[in-house]
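Below is one structure, written out as structure tokens; the observations come after it.
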Protein chains: 2
Amino acid sequence: MARSQRRVLTHPEVGEVDLLDVLHALADPTRMTVVRTLRAEPERACGTFPVDVAPSTLTHHFRVLREAGVIRQREDGNLRWNTLRLDDLDARFPGLLDAIVTAYERQESAPGRSVEAAAQPH
Amino acid sequence: MARSQRRVLTHPEVGEVDLLDVLHALADPTRMTVVRTLRAEPERACGTFPVDVAPSTLTHHFRVLREAGVIRQREDGNLRWNTLRLDDLDARFPGLLDAIVTAYERQESAPGRSVEAAAQPH
DNA sequence: CCTCTCTTTCGACAAACATCGTACAACCGT
DNA sequence: ACGGTTGTACGATGTTTGTCGAAAGAGAGG
């Protein structure tokens with residue numbers, strides 16, 4: 001029995017995706033990086049993301065994103081490929097993901113903010 | 001010394017507002033209800049929101065929203081008035097709040113979803 | 001001054017969360 | 001069959017979070 005049958009990889013249906021879960025999934029720097037990376041490249045294996053956490057931690061983040069309906073995971077041999085569920089998300093929440101990621105990238109590229117925010121320890 | 005001087009009520013500046021904090025602030029049903037209510041009515045006192053939590057819990061949620069830069073709190077006599085910082089948020093993240101709240105209300109008014117989600121205990 | 005209302009602060013508590021190391025399972029080369 | 005690669009599962013840990021009740025502050029109105 002192949003791995004693709006053994007593990008289940010539960011994905012919520014489009015109509016089951018909960019906005020609050022999506023927001024929570026995106027409200028984490030590591031997961032936001034995953035989503036941003038996935039928006040630039042259509043499909044990527046788990047280990048190829050520019051994040052700096054332990055493998056097991058990364059697995060956790062991928063599960064959060066998948067169970068929130070943000071990404072889709074597909075197995076192929078030894079690798080697990082991740083794609084953004086952009087069509088599904090856009091069908092349920094038109095323009096939302098784009099608005100959020102755009103806002104994040106706008107913030108990241110804003111001059112002066114990161115300096116200020118780093119100075120004030122919040 | 002009046003109460004308005006005694007308590008500080010720290011609000012982040014527009015440039016200090018962090019998107020991830022905003023997302024986290026909105027990823028809670030109680031706080032989302034507060035924001036939705038505030039979007040319909042310009043200003044409202046703390047105790048007048050249609051939420052079902054203890055007063056101290058509500059205070060906590062208002063602080064989260066305020067420190068994330070989502071709402072502004074102003075004291076007047078015995079009451080604390082809350083407003084949405086829509087202009088500030090739109091200046092920093094154009095269209096974001098509207099996209100999120102619209103998505104939430106779309107979800108809430110979608111037929112069949114809440115039934116399904118309530119049946120499956122998540 | 002006294003009381004009532006609105007809201008906060010504090011302390012507590014259980015649940016959820018992000019993180020890691022270790023162990024393991026599946027697949028792919030050779 | 002063996003070793004390397006990729007990723008998961010599990011258990012542990014410290015932190016954050018949502019929740020509440022009790023106590024108290026500050027103003028309004030008698």
Side-chain angles (χ1 to χ4, degrees), chain A residues 1-11 18 20-35 43-68 70-83 121-122, chain B residues 1-11 18 20-35 43-68 70-83 121-122:
Chain A
M1 195 172 288
R3 192 197 224 176
S4 50
Q5 293 285 348
R6 230 182 38 79
R7 267 195 264 276
V8 196
L9 281 200
T10 13
H11 296 79
D18 185 84
L20 264 34
D21 290 345
V22 172
L23 294 185
H24 169 248
L26 295 178
D28 176 276
T30 301
R31 294 195 287 261
M32 180 59 92
T33 300
V34 167
V35 170
E43 196 169 31
R44 245 184 133 106
C46 282
T48 71
F49 285 81
V51 294
D52 193 29
V53 288
S56 48
T57 305
L58 197 52
T59 295
H60 159 70
H61 286 307
F62 278 120
R63 194 183 51 204
V64 171
L65 285 169
R66 189 189 64 229
E67 292 182 347
V70 178
I71 66 170
R72 170 159 280 130
Q73 289 192 295
R74 159 180 87 81
E75 292 187 340
D76 176 35
N78 217 0
L79 300 166
R80 183 164 291 193
W81 294 94
N82 305 279
T83 51
H122 201 286
Chain B
M1 196 171 287
R3 192 195 225 178
S4 50
Q5 293 285 349
R6 228 181 41 76
R7 269 196 263 274
V8 197
L9 282 201
T10 12
H11 295 79
D18 185 83
L20 264 35
D21 289 345
V22 172
L23 293 184
H24 169 248
L26 296 178
D28 176 276
T30 302
R31 294 194 289 261
M32 181 58 92
T33 299
V34 168
V35 169
E43 195 170 30
R44 241 183 137 106
C46 281
T48 71
F49 285 81
V51 294
D52 193 30
V53 288
S56 49
T57 305
L58 198 51
T59 296
H60 160 69
H61 286 308
F62 278 121
R63 194 182 52 205
V64 171
L65 285 169
R66 190 190 55 209
E67 291 181 350
V70 178
I71 67 170
R72 169 160 281 127
Q73 289 192 295
R74 160 180 87 82
E75 292 187 341
D76 176 35
N78 217 1
L79 300 166
R80 184 164 292 193
W81 294 94
N82 305 278
T83 51
H122 202 280

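Naming convention: chains lettered A, B, ... in sequence-line order (proteins, then strands); numbering from 1 in each chain. Heavy atoms only: backbone and side chains are in, while hydrogens, waters and symmetry mates are out.
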Quiz prompt | Separation of atom CZ in R74(A) from atom P in dG7(D), rounded to whole Å | solution = 12 Å
Practice problem: Would you mind reporting whether T83(A) and W81(A) have side-chain heavy atoms less than 4.5 Å apart? | Solution: no
Exercise. Ignoring backbone atoms, establish whether R31(B) has a side-chain N or O less than 4.0 Å from OP1 or OP2 of dG18(D).
Key: yes
Quiz prompt | Axis deviation across the helix from dC1(C)-dG30(D) to dT30(C)-dA1(D), five-pair ends, to the nearest 10° | solution = 20°
Exercise. Would you check if V70(B) and R31(B) make a side-chain contact, meaning some heavy-atom pair closer than 4.5 Å?
Key: no
Quiz item: With respect to the side chain of L79(A), which nucleotide from dT8(C), dC20(C), dG7(D) is positioned closest?
Solution: dG7(D)
Quiz item: Hey, does L23(B) have a side-chain heavy atom less than 4.5 Å from the side chain of M32(A)?
Solution: yes
Quiz item: Expressed in angstrom and rounded to an integer, what is the separation of D76(A) atom CG from dT5(D) atom P?
Solution: 19 Å
Quiz item: If only side-chain N and O atoms of R80(B) are considered, is one of them under 4.0 Å from the OP1 or OP2 phosphate oxygen of dT8(C)?
Solution: yes
Practice problem: Find out whether N82(B) and C46(B) are in side-chain contact, i.e. whether some heavy atom of one side chain is under 4.5 Å from a heavy atom of the other. | Solution: yes
Quiz item: To the nearest 0.5 Å, how far apart are CZ in R74(B) and CG in L9(B)?
Solution: 11.5 Å
Exercise. Starting at atom CG of D52(B), determine the distance to atom P of dG18(D), rounded to an integer number of angstrom.
Key: 17 Å
Quiz prompt | Sub-4.5 Å side-chain heavy-atom contact between H24(B) and L20(B) | solution = no
Quiz item: Taking the side chain of N78(B) as heavy atoms from C-beta outward, which of dT8(C), dA26(D), dA18(C) is closest to it?
Solution: dA26(D)
Exercise. Mind calculating the distance between CG (D28(A)) and C1' (dA18(C)) to the nearest angstrom?
Key: 8 Å
Quiz item: What's the spacing between L65(A) CG and H60(A) NE2 if we round to 0.5 Å?
Solution: 9.5 Å
Quiz item: Which residues within residues 56-65 of chain A lie with some heavy atom under 4.0 Å of an atom in DNA chain D?
Solution: S56(A), T59(A)
Self-check item: Heavy-atom check, side chain of Q73(A) versus side chain of R63(A), under 4.5 Å
Solution: no
Self-check item: Minimum side-chain heavy-atom gap F49(A)-T33(A) below 4.5 Å
Solution: no
Self-check item: Atom-to-atom span, CD of E75(B) to P of dA26(D) - whole angstrom
Solution: 11 Å
Self-check item: Nearest-Å distance for atom pair CZ/C1', residues F49(B) and dC6(C)
Solution: 14 Å
Exercise. Could you check how far CG of L9(B) sits from C1' of dT8(C), rounded to whole Å?
Key: 10 Å
Self-check item: Rounded interatomic separation in angstrom, taking CH2 from W81(A) and C1' from dT5(D)
Solution: 14 Å
